[in-house]
Amino acid sequence: ICKLLRCAFDQAVKWDIIARNPFPNANKPKVEYKKRDIWTADMIRTALDNCEDMKLYVAMNLSFACSLRFGEISGLTWSNVFITEKHILNDDAHLLVTQELSRASKEARDLLNDKDIYFVFPSMMQNTHTNLILKKPKTESSIRKVWIPKTLAYILLEWKSIQDKYKEYLGSDYYDYDLVLTLPNGRPVESRVIDKEFKKLKEKANLPHVVFHSLRHSSTTYKLKLNH
């Protein structure tokens, strides 16, 4: 809030609305940063064993095995996933992170001039001021190639066959955006949907409270341990 107000008053000075910005001398409240808890590999195994929601199961595996952020998982398309039998046999199964899913208002998109926006999903409801979008990641380093373990490659292949069955069953009512993580009708999966299912899973498996993003931290920690 202090940063926001300082920027706002800086702009007010530039516009000659006020003579000086009072906020650089403001007394900022002290913040106590709490260490974010993460799950151990055993806890993640327990969670996966108790997970009955397939889209959550896929998302958790992608987060832990590939250290992906949720926006990267929800924005991943099959065209960027390479899991043919040849890739798997050659230990070359991988995916490309080139975009992420986000929700943005029309005003925000206009400010960007749509230059970093690859696709705007049509809204399913009238009078909404925001849309889901596929956009370029925030940093260039986020655009990367990630290798996939064989176990995850086979999980993704199974998930693809389930998606294909939904697609065949729903026909023209299926929204085919080539997304890996989808609702049964092909629409994108927002973080609030996964958070809801993730909360149910934690309660069911009696696991410590962590946020979904913590799986990415668990992933990094576990890989560092494996590499000593």
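All values below were derived from every heavy atom in this structure, side-chain atoms included, with hydrogens, water molecules and symmetry-related copies excluded. Remember, it's a predicted structure, so these values are computed and weren't measured experimentally.
With sequence neighbours left out, D10 forms a side-chain hydrogen bond (donor to acceptor under 3.5 Å, both in side chains) with N21. A search for ring pair (Phe, Tyr, Trp, His ring centres under 6.0 Å) contacts involving F82 returns H87, H94, not counting sequence neighbours. Under the rule for a ring pair (Phe, Tyr, Trp, His ring centres under 6.0 Å), the partners of W39 that lie at least two apart in sequence or sit in another chain are F198. Judged as a side-chain hydrogen bond (donor to acceptor under 3.5 Å, both in side chains), and not counting sequence neighbours, the contacts of K160 are D164. Taking the ring pair (Phe, Tyr, Trp, His ring centres under 6.0 Å) definition, one finds that Y166 meets it with nothing, sequence neighbours left out. For K106, the side-chain hydrogen bond (donor to acceptor under 3.5 Å, both in side chains) partners two or more places apart in sequence, or in a different chain, are D110. T77 meets the side-chain hydrogen bond (donor to acceptor under 3.5 Å, both in side chains) test with S79; sequence neighbours excluded.
In this structure, the side chains of Q99 and I143 stay at 4.5 Å or more apart for every pair of heavy atoms. Side-chain contact check for L95 versus N80: every heavy-atom pair is 4.5 Å or farther apart. Side-chain contact between K136 and I117: absent, with no pair of heavy atoms (C-beta onward) separated by less than 4.5 Å. Annotation: side chain of S102 is in contact with side chain of I133 (closest heavy-atom distance under 4.5 Å).
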Counting only pairs under 3.5 Å, give me each side-chain donor-acceptor contact of residues 205-216, with atom names and distances, residues two or more places apart or in other chains.
unit_1: H209; atom_1: ND1; unit_2: K202; atom_2: NZ; d: 3.0
unit_1: S214; atom_1: OG; unit_2: D37; atom_2: O; d: 3.4
unit_1: S214; atom_1: OG; unit_2: V211; atom_2: O; d: 3.3
unit_1: R216; atom_1: NE; unit_2: S67; atom_2: O; d: 2.7

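No path of Ile, Leu, Val, Met, Phe, Trp and Tyr side chains, each step under 4.5 Å between heavy atoms, connects L96 with V146, placing them in separate hydrophobic clusters. In the hydrophobic clustering of ILVMFWY residues, with side-chain heavy atoms under 4.5 Å counting as a link, Y57 and I148 come out together. Note on F64 and V81: same hydrophobic cluster, where clusters join Ile, Leu, Val, Met, Phe, Trp and Tyr whose side-chain heavy atoms are under 4.5 Å apart, directly or indirectly. L89 and Y154 fall into different hydrophobic clusters, where Ile, Leu, Val, Met, Phe, Trp and Tyr residues are linked whenever their side-chain heavy atoms come under 4.5 Å apart, directly or through other members. Placement of I162 and L170 within a single hydrophobic cluster is found when ILVMFWY residues are connected by side-chain heavy-atom separations under 4.5 Å, directly or transitively.
In this pair, F121 and F119 present their aromatic rings perpendicular. The plane angle is above 60°, beyond the 30 to 60° band.
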Side chain to side chain contact (heavy atoms under 4.5 Å, CB included) assessment of L62 paired with L152: CA-CA 8 Å; L62 282 166; L152 177 54; 3.9 Å; yes

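Other residues, nucleotides and ligands place no more than 12 heavy atoms under 6.0 Å from the NZ atom of K138.
Here the rule is side chain to side chain contact (heavy atoms under 4.5 Å, CB included) with C51, and of T46, V58, L56 only L56 fits it.
Within the structure, every pair that satisfies the salt bridge (Lys or Arg N to Asp or Glu O under 4.0 Å) test and touches residues 86-105, not counting sequence neighbours, is listed here: E100-K135, R103-E190. The stretch residues 68-80 participates, sequence neighbours left out, in these salt bridge (Lys or Arg N to Asp or Glu O under 4.0 Å) pairs: R69-E72, E72-R144. For residues 1-21, the set of pairs meeting the ring-ring contact (aromatic ring centres under 6.0 Å, His included) definition, not counting sequence neighbours, comprises F9-F23. A salt bridge (Lys or Arg N to Asp or Glu O under 4.0 Å) check over residues 171-189, counting only residues at least two apart or in different chains, returns the pairs K167-D176.
Formation of a donor-acceptor pair under 3.5 Å by the T182 side chain with backbone atoms of L179 is not found in this model.
For the residue pair T128/S123, the side-chain donor-acceptor check at 3.5 Å is satisfied.
The six-membered or imidazole ring of Y174 lies away from that of Y169, with a centre-to-centre distance of 6.0 Å or more.
A salt bridge links K200 and E197; the closest N-O separation between the charged side-chain nitrogens and carboxylate oxygens is under 4.0 Å.
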